[in-house]
Each structure stands twice: as C-alpha cells, then as structure tokens.
Amino acid sequence: MNRDELTTRLLATFVGELQEQVAAMNADLLALESAPDDAERLRSLFRAAHTLKGAARAAGVPLVEQSCHVLESLLASARDGTLTLRAEQFALLFQAADALADAGRRLGAGEKLEDSPLARLAGTLRSQRQSPVNAPVPPVAPPRPLAAPPPAPVSDETVSPPSADLVRLPSARIDELYAATGQLRATIGRVGVRSDEARELYELAAGWARSWRRLSRQMARQSGVQRPLDPALTDRLTELVERIERLDRAVSDDARETTQAVEGLSHRVRRLRMGAFADTVAALPRVVRDVALAERKEARLEVVGAEVEADRAVLDGLRDALLHLVRNALDHGIEPPAVREAAGKPRAGTVTVSAALVGERLTVTVADDGAGIDVTALRVLLERRGDALPDDDGALIQRLFQGGLSTRTEPTAISGRGVGLDAARAAVERIRGRIDVRWTVGRGTMFTIECPPTLAMVRVLLVVVGGHTVAIPTESIERIERLDPAQLRRAGGRDVLPGPDQPVVVASLARLLGPGFAETEITGAPPIVRLAVGNGRRAALVVDEALAEEEILIRPLKHIEPASPLASGAALLSSGEVTVLLRPEALCAAAAELPTASGGLTAPDQSAPRSSTLLVVDDSITTRSLERSILEAAGYTVRTSANGAEAWQLLQGGGIDLVISDIEMPEMDGIALCQAVRGSPELAGLPIVLVTALESPEDRQRGMEAGANAYVVKSSFDQADLLEVIRQLLGDPV
C-alpha cells in the first residue's frame, strides 16, 4: 500500500471515529448541563477530546488536533476544580461539538477546513484557554445548529477497525451482499422446480417399468414361455428406476438443506442492514435543548422503543422526518412556561418519540402535551388566501402537509414558512410510509408514521395485467375481490364504487400502465385490488388475475428508461424472473386523474334485465370460492358471507335474489338463518338452497321444515344439478 492509499484509509477511519465521538460529546454535554457536578460525565468529555486529538494527529488533520487540545485543557481545568462550567462555557462547548461535526462532514466530502466553523471557532477556544477563570466567552457566530448531522461518507474501501471486534463497512458493500443473497433466493426457487422435475422423472420411469413388466408377462403367456421376456432388460429398468429414485431423494434433500442455508444467510445479511431506533433519535436531545433555549421554553424529551430495530435506510429517512416533527412540536405545540402554569400544566413540556413494530409495519409517533392544533386559525388563514375550506377538520389538517402554510404571522429562524410538515411528509413517503395526525385542544398533538421496517425486501401481491406480471406491495392492499357490476356508479366522468367515506375510483390497471400492457375487454366480474394509502386516498384496480403473495427483493430501476412514475423498483421473484414493483400512492393519484379511469366499465343499463344476485354462505373459504366461481361462470352476480350472522346483516340491505347456505356454521347456522328469513315479512319469499354435508333423512327433514326450498348434499354435489335448481327457483330460462 502506498502512502496516498494509507492516508485515504486513515482519514476514512478518522471521519467515522469523529462522528461517533461527537455524538458521545453531545450526550455528555446535555447530561452535564443538567448536572454540572457529574464528575464521570466530565471525565468522559475529557477522554473524548483526548482521543480525538490523538486520532487527528494520526490522520493528519492539524486543525482538529489543535482544537481538541484546547478543549482538553479547558475540560482538564474544570475537572481539576480551577474552572466552573457555567452557561457561557456550555455554549462554547456545544458550539465546539457542532463545529467538529461540521468538520467531519467536510472531510468526508473531500472539502478543506480553512473556512469552516471550526477554523473560526479556534481563536475563541484559544482565548478562552488564556483568559482568566470564568471570564465571559466572546460571542462567536455558531455553526449551523439544530440540524441532525447525516452519516459521514466513507471510502468505498474497507477501513481499518478501530477495535478488535468492530469493522466499519460502507453501506454499499452490505447492499451488494444483500443483492447477492437475493440472487441466491431466486436460484433456490429454480432448484425447487428442478426437484419437482426429478420427482416427475422418477414417476415417469417407474410407470414405464410397470408397463414393461405387464407387457413382458402378457407376451410371455401368448408365446407359451414360462418366464418374462428379456429379464436383463427388466433388471436394467429396475436399476434405472432405483437410481432415479435415489437421485430424486438427493435433489430433494439438497434443495431443502440449501434453502435452509440460504434463508439463514439472508437473515444474517439482513441483520447487517439493521440499526437501532436509538441511533435515529440520538440527535433529538440536542435539538430539543437548542430549540427550547431559542424559544425561551422549557421542554424535555422522552424516547420509547429505543431498542426497536429497522433497516438503516428506513431509519435515515425517519431521522429527517423526526427532526422536523420535533421542532414543530416545540415551536407550535409546547407553550411558554407561564402559559402552561396558567393552564395547570408543568412548566416544562414533554415531547415523546416512540417506536414499535406492529405486525409487518414500523409505527413511530411524535407526541407533545402542548396546545394542540389551532383549527380556527388555520381556517382563517385559508379564507384569507381564498382557498377552498373542507368541512371536515381532518381534511383541513391534511392541508398542512402540502407546504406553504403556517399559522405563524412572522417567520422565525425555526419555523413559519410552512415547509416543516411538508418536508416531514416527503421524507416519510420516500421510505414508502404514510403520516397522520391527531390532536386534542389544550392537551397536545400526536403525529403517527407507519412505514415498512425494511426497504430491501417487501411483501407483494403478484397480479397479471395485459399479459405481464407486476407486483403491488401488500401493505397498501385493503382486500381483493370480484367487481360487482351492480354496485358501479358514474361520478365526475369516472366509474366508482361505494367507499367508507367517499366513492372509490375504479381503474383498469392496464390502462394506467399504458403502452406495453395490452388492455383486455372487461366483462363479467373481473378481480379488483382495493388500495388504501396515506391521507385517505383509495382506488380499486381492475386486473386480469391475482396470482400469489410473495416476499421479494427490490432492485433499483437503473436500466429502465424512461422510468415510470408508477414504478418504484424492479422486483426479483423467487422464480428468477424480474418484474416491476408498483407505487400504490402513484397508482391512486393516477386513477383519480384519469377520466373514465376503468377504461370502459359502466354502470349496468337499468333498462336491461339485471342478472340475479346470489348470496353464498359457508364458513369454508374453499367451498365459498368453488361455489362462487361456478355461479359467476353461469352469469350470476355473487356475494359471500362466512356465517349466518354476517349473511343476515347483508340481507337487511336488500338486493339478494337467492341464498345458498351451509348448515354447520359458527354464530348462526343455516337452519337458524332459514328460520330468520321465513320470519321476516320483507324476506319471507326469498328462495333458500341448503348445500350441506349433513345427508341423513332427519337432517334433510329439519332443513325443509326450517323453510329451505331445496336441499343439496355435498357428497353427491353436481354443479349442473345446483344450477338447474337455482334456475327453477328464480324462474330463469334454461
């Protein structure tokens, strides 16, 4: 290794160490400011300055070395009792920590330090060292405070370990390793296919051997020979079958063991990408301290769930969002001490940042015990600007996330330009998350972020669109169902379905994706995927077929030009195929903007005969799916329910022409459902067919006495018979 290479590696090592030591210095300073007599914290600060001085000398960064030497001397004086740390000294120490952090960023980016905040602060540090004990600190322009320092860039080369059990690696190296495990997972999928092919080959060979033995015996009998023809061929076939069987078992065992090994490796590599939530919030205590000081407020920070782990890329995105949300809570939420005391609150406000893994989602909240959101002031501001005013307060608050809107009359250095919440939303969306807010006037505000714990792997639904397979993240899928044409309506030139709050636009996914995805004619009841994303946006996408759910590795769309705004990456499937991963937020937005979005779906012609709507009631999803497919293929509209109680609720809404029900079900069985229908003046004439496994004469008699029009036994089930019974009960032409 030549001298230049050694210098580069030493500097890269130093940048990482500088970042770690500055984080430790900030933590010690915050604790020491609250408890100036904490001797251990003071010693820890002294050790950090001393360590950085030596590291800077080794890395050839004299400005950092000299500055840390002065800090070391100042802290030694405080340690020895010749200097008492007061507000002025703490301000200088915090400025020094900021300047060192800025120096680390500059060094990592290859910049010089001549005109850096550390260079400007060096003179102040020297004068403080030479000045009388506890003399006032000369004012100095502080380096940019309040910003969470991003991780310093590291050379692409592996840097030397600062200790025997720690090795620093650039994130790009870990990403490459993770991508390699993704390729292995795809290979394992193909190995599984080969294992199935080996089994089929064995069964084929075994079948040939059986056929040959039968044929040879038959030919021997016809020839009057007492033994099978060509026993040597029989023996060779038997040996072939046995060898293929051994090969089949070996391939199957190898596939299973390799799968376990790859899954274990994938899990371990994934752990390399993981970081603790504590790292994400490490800068927030300093942010709370600085903003509270600037705003003349009192506040404290509480962190819950510091041990929760997530992908470092997710944590980096959360770091930006949390910075804006915490500053917003301190500036807009927490009241001045006098106001809080008058309201019966503690003088110091509390900002709580928490993290938790809930199912397959990471949930992060930022809550304060301040004044809440001033909805009235927000409405007045929008009225003055001439903006449309939503009736719902929740929809009104969402306007804050769009930027350019602040309830402050005059901007300050901290807020007032309406970009904080907009920046937080953008940061959350970059990590495929969504943000919501709840508040109570006078009690506080809570922002809730939901996002995936990793950006490298995602669980998706694979669907077929225009002959191509595409992937949709399951985290944004509400449900998958068949389109009920009877529910379609027209609104604003678009096809819509009823929704929980407002109509949901129905869109042909093939039409949204555009050229290359041939749009097929939509007939009958095609599958639809209902999406729900942030800010209450929804869409129902018409697809050709829903295939399966799978966990996939995401790859960047570097080689697809032009990149579609509807796609976020390329998905590597277990089969080894590469498909496109779609963005649910972009799909919902595109569906809302595309006129006649479904590409030709229209509400049924009310003058034309309406297809009968049947209700299938069965607690077995397999049975429901089978009966539904049979009935939809026959032209009927089908709705389903898992038990009699759900079915009874559906029947209250009307629109059902015939019921097909099982008997043995939880909550309300088929007999009780029959009795309820026959006892209802509105539904008494509704035809009911019981399709059940109960086949005794007594069960049949019980069903007919309860009011069933027909009784079909599952053991002798024939779809033609069922359809004939339905046609007769509905009076449909054959």
Side-chain angles (χ1 to χ4, degrees), residues 13-59 61 63-79 83 85-108 113 116-122 124-126 128-129 137 140 142-152 162-163 166 168 278-291 293 301 303 306 319 323:
T13 303
F14 174 70
V15 167
E17 187 173 5
L18 178 60
Q19 181 182 353
E20 294 171 1
Q21 294 291 356
V22 168
M25 289 177 67
N26 269 310
D28 287 335
L29 281 171
L30 287 167
L32 195 62
E33 190 178 36
S34 301
D37 296 331
D38 191 335
E40 181 54 40
R41 290 287 186 177
L42 189 55
R43 283 193 293 270
S44 177
L45 272 170
F46 177 84
R47 287 193 299 268
H50 181 76
T51 300
L52 278 179
K53 182 177 75 170
R57 183 185 304 116
V61 189
L63 180 59
V64 174
E65 179 189 356
Q66 296 161 12
S67 300
C68 287
H69 177 69
V70 177
L71 282 175
E72 186 183 35
S73 301
L74 189 152
L75 292 167
S77 300
R79 182 195 60 188
L83 172 68
L85 295 180
R86 297 192 175 122
E88 294 84 357
Q89 284 74 33
F90 276 113
L92 180 63
L93 290 171
F94 276 117
Q95 290 174 14
D98 286 343
L100 287 170
D102 176 83
R105 289 194 293 271
R106 289 172 183 263
L107 291 171
L113 299 184
S116 67
L118 185 62
R120 295 193 294 272
L121 190 65
T124 302
L125 288 171
R126 284 192 293 271
Q128 173 66 13
R129 181 190 176 193
V137 177
V140 61
R144 271 182 320 188
L146 309 178
S163 64
L166 178 63
R168 290 194 183 93
D279 298 336
T280 303
V281 298
L284 294 184
R286 177 69 190 276
V287 171
V288 171
R289 182 254 183 201
D290 288 350
V291 175
L293 190 64
L301 176 72
V303 176
R319 184 181 290 108
L323 172 65

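Just so it is clear, the structure is predicted and the values come from calculations on it, not from any experiment. The chain is numbered in sequence order, starting from 1.
Note that CG of L100 and CG of L63 are 9.0 Å apart. Values are rounded to the nearest 0.5 Å. Here the CG-CG distance, from L85 to L74, works out to 7.0 Å after rounding to the nearest 0.5 Å. Within the model, atoms CG of D28 and CG of L93 stand 11.0 Å from one another, a figure rounded to the nearest 0.5 Å. Distance CD/Q66 to CG/L118: 9.5 Å, rounded to 0.5 Å.
Of the listed residues (L83, V70, L42), just one forms a side-chain contact (heavy atoms from CB on, under 4.5 Å) with L75, and that residue is L42.
In this structure, L29 and A97 approach most closely via the heavy-atom pair CD1-CB, 4.4 Å. The two residues M25 and L52 have their closest heavy-atom pair at SD-CD1, 4.3 Å. Looking at every heavy atom in both residues, A76 comes nearest to F46 through CB-CE1, 3.7 Å. Nearest heavy-atom pair across A119 and L113 is CB-O, 3.5 Å. Minimum heavy-atom separation, G108 to V15: N-CG2, 4.0 Å. Scanning all heavy atoms of the two residues, the minimum distance from C68 to A49 falls at CB-O, 3.5 Å.
Qualifying side-chain contact (heavy atoms from CB on, under 4.5 Å) partners for A39, counting only residues two or more places apart in sequence or in other chains: R43. For the side-chain contact (heavy atoms from CB on, under 4.5 Å) test, no residue two or more places apart in sequence or in another chain qualifies with S34. Considering only residues two or more places apart in sequence or on other chains, N26 meets the side chain to side chain donor-acceptor pair (under 3.5 Å) condition with R286. In terms of the side chain to side chain donor-acceptor pair (under 3.5 Å) criterion, residue partners of E72 (sequence neighbours excluded) are, by chain and number, H50, K53. The side chain to side chain donor-acceptor pair (under 3.5 Å) test applied to T51 returns no partner, not counting sequence neighbours. By the side-chain contact (heavy atoms from CB on, under 4.5 Å) test, D38 pairs with L32, A35, E40, R41, sequence neighbours left out.
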If you apply the rule side-chain contact (heavy atoms from CB on, under 4.5 Å), what do you find for L284 with V303, and how did you get there? CA-CA 10 Å; L284 294 184; V303 176; 5.9 Å; no
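Side-chain contact between R105 and S116: absent, with no pair of heavy atoms (C-beta onward) separated by less than 4.5 Å. Residues Q95 and D98 form no side-chain contact, since every pair of their non-hydrogen atoms from C-beta on lies 4.5 Å or further apart.
R289 forms no cation-pi arrangement with F90, by the criterion of a distance under 6.0 Å to the ring centre and an angle within 45° of the ring axis.
Proximity of a side-chain donor or acceptor of Q89 to a complementary backbone N or O of R86 within less than 3.5 Å is detected.
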